[in-house]
Number of protein chains: 2
Amino acid sequence: MTTSGLQHTEYLHQFGIKSTRQRNAVLDVLIAHDGIQTAGELYQAVVRTGELVNFSTVYRILELFQEKGLVEKSTFPGSSQCVFSLRKAGHSHHLICLGCKKTITISKCPLAMFEQGVAEDTGFTIVGHDLELYGYCPECQKKRNRK
Amino acid sequence: MTTSGLQHTEYLHQFGIKSTRQRNAVLDVLIAHDGIQTAGELYQAVVRTGELVNFSTVYRILELFQEKGLVEKSTFPGSSQCVFSLRKAGHSHHLICLGCKKTITISKCPLAMFEQGVAEDTGFTIVGHDLELYGYCPECQKKRNRK
DNA sequence: TTGGTTGCAAATCGTTTGCATCCCG
DNA sequence: CGGGATGCAAACGATTTGCAACCAA
């Protein structure tokens, strides 16, 4: 860990989250990796930074971060595994490469008007949606073509 | 079970699936329930019809049905549980009530053009997407307002 | 000081698998 | 009859929990 610890503390406080060594470490990893990762990958990454954090603590921290709106929990397409990502300002979605799991954050969301229409048609109050796009990134496309 | 067994057999054959007592029973439940359900709910429903089917068989059948394009596997928002639903003709999505889990199938999908734009921007080949809307149905809204 | 946070280990949940038996075609 | 389908029980991976020790405020 570097001098960023203090900044993390402030950042967490903004979300009403008490700062601890472990939470700073998890936040570090979330910031460093722009995209989605499973709890396991996140845990591995924390360990790699040299910080000692228990696996169940990682889960508890992720749950807390999610409640406070700092991270977003979603699901890797097809699998039943949860993935986590830092919530960006505003509303965004992910484009996920099925080959290498590379993730691109998409800040445009085409659903606002659509939701409104659906709400009118159904009488539902729509509070949100899950949207993930998936496909293959340029590199993985090449690999697939070679086969 | 009623006389529908024979119809189910034909239906399954259309998908290249051999008919068995257990598969007919699962298909029955899938047809009866318009919307998504977890493997567990589906299993319970099968048991309730009086058919004897093993839990792991249900999983195997659902996996097979999915491979053959008869059912769709997705994820319940927020949770890590898989849910299954009969695949409708064409492309569709679900609007899920967070209160009572009632599901409405939405046959419109606003993403085709959006995907094209994202593909051009990123160089990705986009092969699909997960989209689920969630909110509260009219009944559950009332319940919530009473609190 | 003290209530919230963590580590540890065990429990739990959903899902998958190996293998012997069974049944559809 | 034969190969695929099933039941059973055990394995499995991911996630959650109870409890005692610990630490940030």
Side-chain angles (χ1 to χ4, degrees), chain A residues 1 5-27 36-47 51-68 70-71 73-84 101, chain B residues 1 5-27 29 36-47 50-68 70-71 73-84 101:
Chain A
M1 274 256 287
L6 196 55
Q7 296 167 38
H8 285 5
T9 302
E10 277 180 38
Y11 187 69
L12 290 175
H13 283 176
Q14 286 173 21
F15 284 88
I17 300 172
K18 195 154 105 182
S19 166
T20 67
R21 184 178 59 78
Q22 291 87 337
R23 290 174 182 181
N24 292 342
V26 169
L27 179 55
I36 61 172
Q37 34 190 347
T38 64
E41 289 164 349
L42 231 150
Y43 169 74
Q44 299 290 350
V46 170
V47 170
E51 289 292 324
L52 260 172
V53 181
N54 191 275
F55 214 135
S56 53
T57 302
V58 170
Y59 272 106
R60 282 192 271 234
I61 290 175
L62 287 172
E63 194 188 349
L64 175 72
F65 282 9
Q66 190 200 350
E67 276 169 19
K68 299 295 187 179
L70 211 158
V71 315
K73 181 180 179 180
S74 46
T75 314
F76 195 79
S79 113
S80 60
Q81 254 184 304
C82 297
V83 290
F84 303 85
K101 296 199 173 186
Chain B
M1 273 263 284
L6 196 56
Q7 295 167 37
H8 284 6
T9 301
E10 277 179 38
Y11 187 69
L12 290 175
H13 284 176
Q14 286 172 20
F15 284 88
I17 300 172
K18 195 154 106 180
S19 166
T20 67
R21 183 179 60 78
Q22 292 88 337
R23 289 174 182 181
N24 292 343
V26 169
L27 180 56
V29 168
I36 61 172
Q37 34 191 347
T38 64
E41 290 164 348
L42 230 150
Y43 169 74
Q44 299 290 349
V46 170
V47 169
E51 289 291 325
L52 260 173
V53 181
N54 191 274
F55 212 137
S56 53
T57 303
V58 170
Y59 272 107
R60 280 192 270 235
I61 289 174
L62 286 171
E63 193 189 349
L64 176 71
F65 282 10
Q66 190 200 351
E67 275 169 21
K68 299 295 186 178
L70 210 158
V71 315
K73 181 180 181 181
S74 47
T75 314
F76 194 79
S79 114
S80 59
Q81 257 183 299
C82 297
V83 289
F84 302 85
K101 295 199 172 188

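In what follows, every heavy atom counts, from backbone to side chain, and hydrogens, waters and symmetry copies are set aside. Order of the sequence lines fixes the chain letters, A, B, ..., with proteins taken first and strands second; residue numbering starts at 1 for each chain.
For B/E51 and D/dA5, the CD to P distance is 18 Å, given to the nearest whole Å. Atom CZ of B/F55 is separated from atom P of C/dC13 by 12 Å (rounded to the nearest Å). For the pair B/Q22 CD and C/dT21 C1', the interatomic distance rounds to 13 Å; values are reported in whole Å. Per the geometry, CD belonging to A/E41 stands 10 Å off P belonging to D/dA14, to the nearest Å. Rounded to whole Å, the distance from CG on A/L12 to P on D/dC23 is 19 Å. The distance from atom OH of B/Y43 to atom C1' of D/dG7 is 11 Å, rounded to the nearest whole Å. In this structure, A/R23 places its CZ atom 11 Å from P of C/dG4, rounding to the nearest Å. Summarising the geometry, the separation between CD on B/E67 and C1' on D/dA5 is reported as 14 Å, rounded to the nearest angstrom.
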Could you go through nucleotides 17-19 of chain D and list every protein N or O atom that sits under 3.5 Å from one of its N or O atoms, giving the distance for each pair?
from: D/dG18; atom 1: O6; to: A/R60; atom 2: NH1; distance (Å): 3.4

Please write out each protein N/O paired with an N/O of nucleotides 22-25 of chain C under 3.5 Å, distance rounded to 0.1 Å.
from: C/dC24; atom 1: O3'; to: B/S19; atom 2: O; distance (Å): 3.3

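To the nearest 0.5 Å, atoms CD (A/Q37) and CG (A/L62) are separated by 9.0 Å. Atom CZ of A/R23 sits about 9.5 Å away from atom OG1 of A/T57, to the nearest 0.5 Å. The distance from atom CD1 of B/I17 to atom CD of B/E67, rounded to the nearest 0.5 Å, is 9.0 Å. Distance check, rounded to the nearest 0.5 Å: CD of A/E63 to CD1 of A/I61 gives 11.5 Å. For the atom pair B/Q81 CD and B/S74 OG, the distance stands at 12.0 Å (nearest 0.5 Å).
In this structure, B/K73 forms no cation-pi arrangement with B/F65, as its terminal cationic atom is not both closer than 6.0 Å to the ring centre and no more than 45° off the ring axis.
Residues B/V83 and B/T75 fail the side-chain proximity criterion, which asks for heavy atoms closer than 4.5 Å. Put simply, the side chain of A/I36 does not reach to within 4.5 Å of the side chain of A/F84, judged on heavy atoms.
Note on A/N54: a side-chain N or O is less than 4.0 Å away from OP1 or OP2 of C/dC8.
Every residue meeting the ring-ring contact (aromatic ring centres under 6.0 Å, His included) condition with B/Y43, not counting sequence neighbours, appears here in chain and number order: B/F55.
The side chain of B/Q81 has C/dG14 as its nearest neighbour among C/dG14, C/dG7, D/dG7.
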